[in-house]
Amino acid sequence: MMRELRDRLLAPLPADTSELEALINTRRDRFWSRLGGAENTFRFAYDAIEAALQFYILREKYTNGFTFTNSTTLFRAYTDDLYRLDQHYRRFQEFARRGNGLHPLVENIENAYGGWYLDKLAMAWGKIIEHENLLENWRIDGVKNQYDFYRSFVRDLSKSAKVYIVISDALRYECAEELTRELNRDARK
């Protein structure tokens, strides 16, 4: 069944993917996917297939590429929606490395991510950077620049406030979004 699901993702997606999503969830909850605990390769394979499906569903929204009128709309599109392509790709890679039998899907996701998504996003940003001359003055309306961080977010906090700052040149937006979501979920418990 896992290979059948994998192969269904390699074909054009149906308009309604709810059946595929339900099938993935059903298979992931079955005995063979739960056997052996946290290191079960079947579970990882189904998690990878789910991440790939979510990647493909989101890709369908942007089959004509990315056309944005200015840096603000592209930035907002990324922070509202497009970052999830990065997230689904990362999660797919993470699970696929630990699962089995996904080779053709791994290759297809790699091509879609590197040969479609990153290329189209870079071209969209390139046009906007050139059009708005952002290399001379990197400023996006409504977005605080990093050099304003302290003044904008920390300086006026009360003395009892706790501030945790993650400083990383390599922390991608999609990872930070997931980390924020996890921290907020744990804080609510």
Side-chain angles (χ1 to χ4, degrees), residues 9-17 20-21 47-97 102 104-157 163-185:
L9 291 184
L10 293 171
L13 285 181
D16 181 9
T17 59
L20 272 172
E21 292 174 90
D47 287 343
I49 288 170
E50 179 186 35
L53 175 61
Q54 296 306 317
F55 180 91
Y56 291 141
I57 289 169
L58 188 54
R59 181 182 68 173
E60 288 295 312
K61 285 177 60 176
Y62 299 99
T63 54
N64 295 327
F66 308 116
T67 53
F68 299 98
T69 56
N70 57 48
S71 58
T72 303
T73 57
L74 179 48
F75 180 83
R76 293 289 176 232
Y78 186 82
T79 58
D80 291 345
D81 199 33
L82 292 175
Y83 77 90
R84 293 183 305 130
L85 285 161
D86 290 318
Q87 207 165 62
H88 297 314
Y89 170 78
R90 176 183 51 84
R91 292 179 61 76
F92 172 80
Q93 291 297 338
E94 178 183 332
F95 296 133
R97 275 194 295 274
L102 299 173
L105 189 57
V106 169
E107 192 173 304
N108 193 276
I109 287 283
E110 279 296 324
N111 291 336
Y113 184 76
W116 170 79
Y117 170 65
L118 291 180
D119 284 351
K120 299 288 186 200
L121 189 61
M123 288 180 0
W125 269 115
K127 289 176 187 175
I128 287 172
I129 287 169
E130 186 177 317
H131 181 259
E132 294 182 17
N133 200 22
L134 289 176
L135 291 180
E136 297 296 320
N137 181 25
W138 189 270
R139 183 165 285 315
I140 298 175
D141 290 337
V143 179
K144 305 261 191 239
N145 278 339
Q146 184 177 351
Y147 54 77
D148 290 329
F149 180 84
Y150 178 80
R151 183 176 41 244
S152 300
F153 300 105
V154 179
R155 181 179 65 192
D156 296 330
L157 291 174
V163 176
Y164 298 92
I165 300 170
V166 176
I167 300 173
S168 172
D169 289 341
L171 182 63
R172 295 170 17 150
Y173 179 86
E174 59 89 6
C175 291
E177 185 279 335
E178 186 173 328
L179 176 61
T180 300
R181 199 169 2 102
E182 291 293 320
L183 290 172
N184 287 336
R185 188 190 71 208

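This one's a predicted model, so the numbers in the text were calculated from it and none came from an experiment.
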Ile109 and Gln93 have their tightest heavy-atom pair at CG2-NE2, 4.4 Å
Any sub-3.5 Å donor-acceptor pair from Gln87's side-chain atoms to Glu174's backbone N or O? yes
Nearest 0.5 Å please: distance from the CG atom of Leu179 over to the CZ atom of Arg172. 14.0 Å
Could you measure the distance from the OH atom of Tyr117 to the CZ atom of Phe55? Nearest 0.5 Å is fine. 8.0 Å
Heavy-atom closest contact (Arg139 atom, Asp148 atom, distance): NH2-OD2, 4.5 Å
Residue that, paired with Leu74, satisfies side-chain contact (heavy atoms from CB on, under 4.5 Å) out of Leu121, Thr67, Thr79, Thr69: Leu121
Measure across Trp116 and Tyr62 and return the closest heavy-atom pair with its distance rounded to 0.1 Å. CZ2-O, 3.2 Å
Run the side chain to side chain contact (heavy atoms under 4.5 Å, CB included) test on Tyr78 and Tyr173 for me, step by step, so that the C-alpha distance in whole Å, both residues' side-chain angles and the decisive distance to 0.1 Å come before the verdict. CA-CA 9 Å; Tyr78 186 82; Tyr173 179 86; 3.8 Å; yes
Give the minimum heavy-atom separation between Leu171 and Ala176, together with the two atoms involved. CD2-CB, 4.1 Å
Would you say the side-chain atoms of Glu132 pair up with the backbone N or O of Ser71, donor to acceptor, closer than 3.5 Å? yes
When rounded to the nearest 0.5 angstrom, what distance separates CG in Asn133 from CH2 in Trp138? 11.5 Å
For the student: nearest non-hydrogen atoms of Glu60 and Thr63, plus distance: O-CG2, 3.4 Å
Go through it in stages, so that I can follow the logic: the residues are Phe92 and Leu105, the test is side chain to side chain contact (heavy atoms under 4.5 Å, CB included), and I'd like the CA-CA distance, side-chain angles, deciding distance and then a yes or no. CA-CA 10 Å; Phe92 172 80; Leu105 189 57; 3.8 Å; yes
Leu85 CG to Lys120 NZ distance, which is reported to the nearest 0.5 Å: 14.0 Å
Tightest non-hydrogen contact, residues Leu9 and Tyr56, listed as O-CE1, 3.6 Å
Do Leu13 and Leu20 have side-chain heavy atoms sitting under 4.5 Å apart? yes
Just do the side chain to side chain contact (heavy atoms under 4.5 Å, CB included) check on Asp81 and Arg76 with the steps written out, would you? CA-CA 8 Å; Asp81 199 33; Arg76 293 289 176 232; over 6 Å; no
Taking the side chain as every heavy atom from C-beta outward, state whether Tyr83 and Glu177 have any pair of such atoms under 4.5 Å apart. yes
Just by distance, no angles: are the side chains of Asn108 and Tyr113 close enough, under 3.5 Å, to form a donor-acceptor pair? no
Taking it one step at a time, do Arg91 and Glu178 satisfy salt bridge (Lys or Arg N to Asp or Glu O under 4.0 Å)? CA-CA 11 Å; Arg91 292 179 61 76; Glu178 186 173 328; 3.5 Å; yes
Whether over 12 other heavy atoms sit under 6.0 Å from Gln146 CD: no
Distance from Glu50 atom CD to His88 atom NE2, nearest 0.5 Å? 9.0 Å
Heavy-atom side-chain proximity of Phe95 to Leu102 below 4.5 angstrom: no
Would the distance check show the side chain of Asn70 and the main-chain N or O of Thr72 forming a donor-acceptor pair, the cut-off being under 3.5 Å? yes
Could you go through Leu53 and Glu21, starting from their C-alpha distance and side-chain angles, then the distance that decides it, and tell me whether this counts as side chain to side chain contact (heavy atoms under 4.5 Å, CB included)? CA-CA 8 Å; Leu53 175 61; Glu21 292 174 90; 3.4 Å; yes
Any donor-acceptor pair under 3.5 Å from Asn184 side chain to Thr180 backbone: yes
Please work out whether the ring planes of Phe68 and Phe66 are parallel, tilted or perpendicular, with thresholds of 30° and 60°. parallel
Separation between CG (Asn145) and CZ (Arg151), nearest 0.5 Å, reads 10.0 Å
